[in-house]
Student: 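Just passing along the structure, written as structure tokens.
Sequence lines set the chain letters: A, B, ... in the order given, protein chains first and strands last, and positions in each chain run from 1. Computation of the quantities below employed the complete heavy-atom set of this structure, encompassing side-chain atoms and omitting hydrogens, waters and symmetry-equivalent molecules. Owing to the predicted nature of the structure, the values given are computational and were not obtained by experimental measurement.
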Amino acid sequence: MTLEAPLWSLDRRIASDLAAGRAVQEEVLNVLDAHGWDAGCVFAVRLAFEEAIVNAIKHGNRHAEDKHVHVVAKLLADRLWLQITDEGPGFDPTAVPDCTEDERLEVPCGRGIMLMRSFMCHVEYNDVGNRVVMEKRRAVEE
Amino acid sequence: MNVNRRLNVSEVGDVTVVRFVDRRILDEANIQEMGQELFQLVEEQGKKQILLNFAGVEFLSSAALGKLITLDKRVKSHSGKLILSNIRPEIYEVFKITRLNTTLDIKDDEADALAAFAALQAT
């Protein structure tokens with residue numbers, strides 16, 4: 001997919017370390033704030049970004065010191081485009097059980113991907129399942 | 001004496017009111033610690049009526065949701081009651097999307113939650 005020239009972009013390879021993941025998140029979120037994104041959209045991006053990067057570090061790379069996570073972010077006029085790639089074997093996102101089914105409501109994990117899909121406008125995994133691309137459209141003021 | 005690092009705990013009558021130190025409940029180590037402190041209230045201190053007041057909490061991740069589900073189960077298994085309150089709209093949306101608003105008891109504010117506890121005791 002070809003994107004128009006971004007207003008701002010970031011291309012970062014980070015260690016499989018949650019603090020490093022959080023630092024990249026803050027960098028992106030600060031840029032959204034600086035560009036006047038509303039609090040609801042910033043909340044949505046924070047949530048999806050957090051879930052995706054934790055998945056990449058914890059479930060993808062399994063915290064391995066010799067593996068990295070590649071984060072690409074592009075801020076466009078009307079949306080944020082995010083790509084997060086880990087170096088793990090990947091997974092099948094369609095095989096993750098629906099956490100809202102009655103019998104799974106009390107299971108304490110498995111909600112991250114559902115939240116990413118709900119709070120972002122677009123979420124797509126590659127075939128291997130080690131890369132996720134997400135987009136969030138900026139709210140337009142009435 | 002119990003020293004809580006992630007929670008501020010007070011008693012209002014028979015209700016244990018818990019507020020959170022962190023504005024953003026997302027760091028894995030902090031969530032583990034928060035979970036341990038919450039579970040201790042139930043399992044070591046024998047608290048039966050617990051109110052989690054989320055005033056001041058701006059964000060929580062799915063890992064934190066997992067701890068709340070486990071806490072609710074443990075409170076129920078000790079014949080207790082857990083109520084959540086003061087959840088800001090964006091975070092309430094997280095509970096709605098995951099349908100946890102149907103399994104967890106959520107009130108608008110602390111006064112509503114305390115009234116619910118009082119009503120339970122009256123029955």
Student: Just give me the residue among G40(A), A44(A), S118(A) that pairs up with chain B most often, heavy atom to heavy atom, under 4.5 Å.
Tutor: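 That would be S118(A).
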
Student: Between S61(B) and E50(A), is any side-chain donor less than 3.5 angstrom from a side-chain acceptor?
Tutor: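 No donor-acceptor contact under 3.5 Å links the two side chains.
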
Student: More than 12 heavy atoms of other residues, nucleotides or ligands under 6.0 Å from CG of D127(A): is that the case?
Tutor: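 Open.
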
Student: Answer with yes or no whether the hydrophobic clustering places L84(B) together with F20(B); edges join I, L, V, M, F, W, Y residues whose side-chain heavy atoms lie under 4.5 Å apart.
Tutor: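 Yes: a chain of side-chain contacts under 4.5 Å links L84(B) to F20(B).
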
Student: Answer yes when E26(A) and R24(B) have at least one side-chain N-carboxylate O distance shorter than 4.0 Å, and no when they do not.
Tutor: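 Between R24(B) and E26(A) there is a salt bridge, with a charged N closer than 4.0 Å to a carboxylate O.
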
Student: State the OG1-CG distance between T98(B) and L115(A), to the nearest 0.5 angstrom.
Tutor: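 It is 6.0 Å, given to the nearest 0.5 Å.
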
Student: As a quick check of understanding, evaluate side-chain contact (heavy atoms from CB on, under 4.5 Å) for V107(A) and I69(B), giving each step before the final call.
Tutor: CA-CA 7 Å; V107(A) 177; I69(B) 294 165; over 6 Å; no

Student: Take D27(B) and R22(A), measure what side-chain contact (heavy atoms from CB on, under 4.5 Å) needs, and give me the verdict at the end.
Tutor: CA-CA 9 Å; D27(B) 181 81; R22(A) 204 141 292 132; 3.1 Å; yes

Student: Below 4.5 Å from any heavy atom of chain B, which atoms of L18(A) appear? Answer side chain, backbone, both or neither.
Tutor: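 Interface part for L18(A): side chain.
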
Student: Are V42(A) and L76(A) grouped together when hydrophobic residues (ILVMFWY) are joined by side-chain heavy atoms under 4.5 angstrom apart?
Tutor: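 Hydrophobic grouping puts V42(A) apart from L76(A).
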
Student: Check whether M120(A) and L10(A) end up in the same hydrophobic cluster, where Ile, Leu, Val, Met, Phe, Trp and Tyr are linked by side-chain heavy atoms less than 4.5 Å apart.
Tutor: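 Yes; tracing contacts between hydrophobic side chains, which count when under 4.5 Å, links both residues.
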
Student: When rounded to the nearest 0.5 angstrom, what is the spacing between CG in L65(B) and SG in C99(A)?
Tutor: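 It comes to 9.0 Å.
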
Student: Once you round to the nearest 0.5 Å, how far does CD1 of I113(A) lie from OG of S62(B)?
Tutor: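 Rounded to the nearest 0.5 Å, the CD1-OG separation comes to 9.5 Å.
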
Student: With rounding to the nearest 0.5 angstrom, report the CD1 to OG1 distance, I97(B) to T100(A).
Tutor: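 Output value for this atom pair is 11.0 Å.
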
Student: CD of E11(B): more than 12 outside heavy atoms within 6.0 angstrom?
Tutor: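 Yes, because the 6.0 Å sphere around CD of E11(B) holds more than 12 heavy atoms from other groups.
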
Student: So if you build clusters from Ile, Leu, Val, Met, Phe, Trp, Tyr with side-chain heavy-atom gaps below 4.5 Å, do V42(B) and L7(B) land together?
Tutor: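 Same cluster: V42(B) reaches L7(B) through Ile, Leu, Val, Met, Phe, Trp or Tyr contacts under 4.5 Å.
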
Student: Is atom NZ of K73(B) surrounded by more than 12 heavy atoms (other residues, nucleotides or ligands) closer than 6.0 Å?
Tutor: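 Count over threshold, so yes.
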
Student: Does atom CZ of R88(B) have more than 12 heavy-atom neighbours, drawn from other residues, nucleotides or ligands, at distances under 6.0 Å?
Tutor: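 Yes, CZ of R88(B) has more than 12 neighbouring heavy atoms, counting only those of other groups under 6.0 Å.
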
Student: Treating Ile, Leu, Val, Met, Phe, Trp and Tyr as nodes and any side-chain heavy-atom pair under 4.5 angstrom as an edge, say whether I57(A) and V132(A) lie in one connected cluster.
Tutor: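 Yes, I57(A) connects to V132(A) through the hydrophobic network.
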
Student: With only heavy atoms counted, which part of L68(B) is less than 4.5 Å from chain A, the side chain, the backbone, both or neither?
Tutor: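 No part of L68(B) comes within 4.5 Å of chain A.
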
Student: For F43(A), is there any backbone N or O sitting under 3.5 Å from a side-chain donor or acceptor partner on E90(B)?
Tutor: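 Flag not set: sc E90(B) to bb F43(A) has no pair under 3.5 Å.
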
Student: Could you tell me whether R99(B) and E101(A) have a side-chain N and a carboxylate O separated by less than 4.0 Å?
Tutor: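 Between E101(A) and R99(B) there is no salt bridge, as every charged N stays at least 4.0 Å from the carboxylate O atoms.
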
Student: May I ask you to name which of T70(B), T103(B), L26(B) has the most heavy-atom pairs under 4.5 Å with chain A?
Tutor: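 Highest number of heavy-atom pairs under 4.5 Å: L26(B).
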
Student: At a heavy-atom separation under 4.5 Å, does D102(A) approach chain B through its side chain, its backbone, both, or neither?
Tutor: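 For D102(A), heavy atoms of backbone and side chain both lie under 4.5 Å from chain B.
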
Student: Identify which part of D72(B) has an atom lying under 4.5 Å from any heavy atom of chain A, answering side chain, backbone, both or neither.
Tutor: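 Neither part.
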
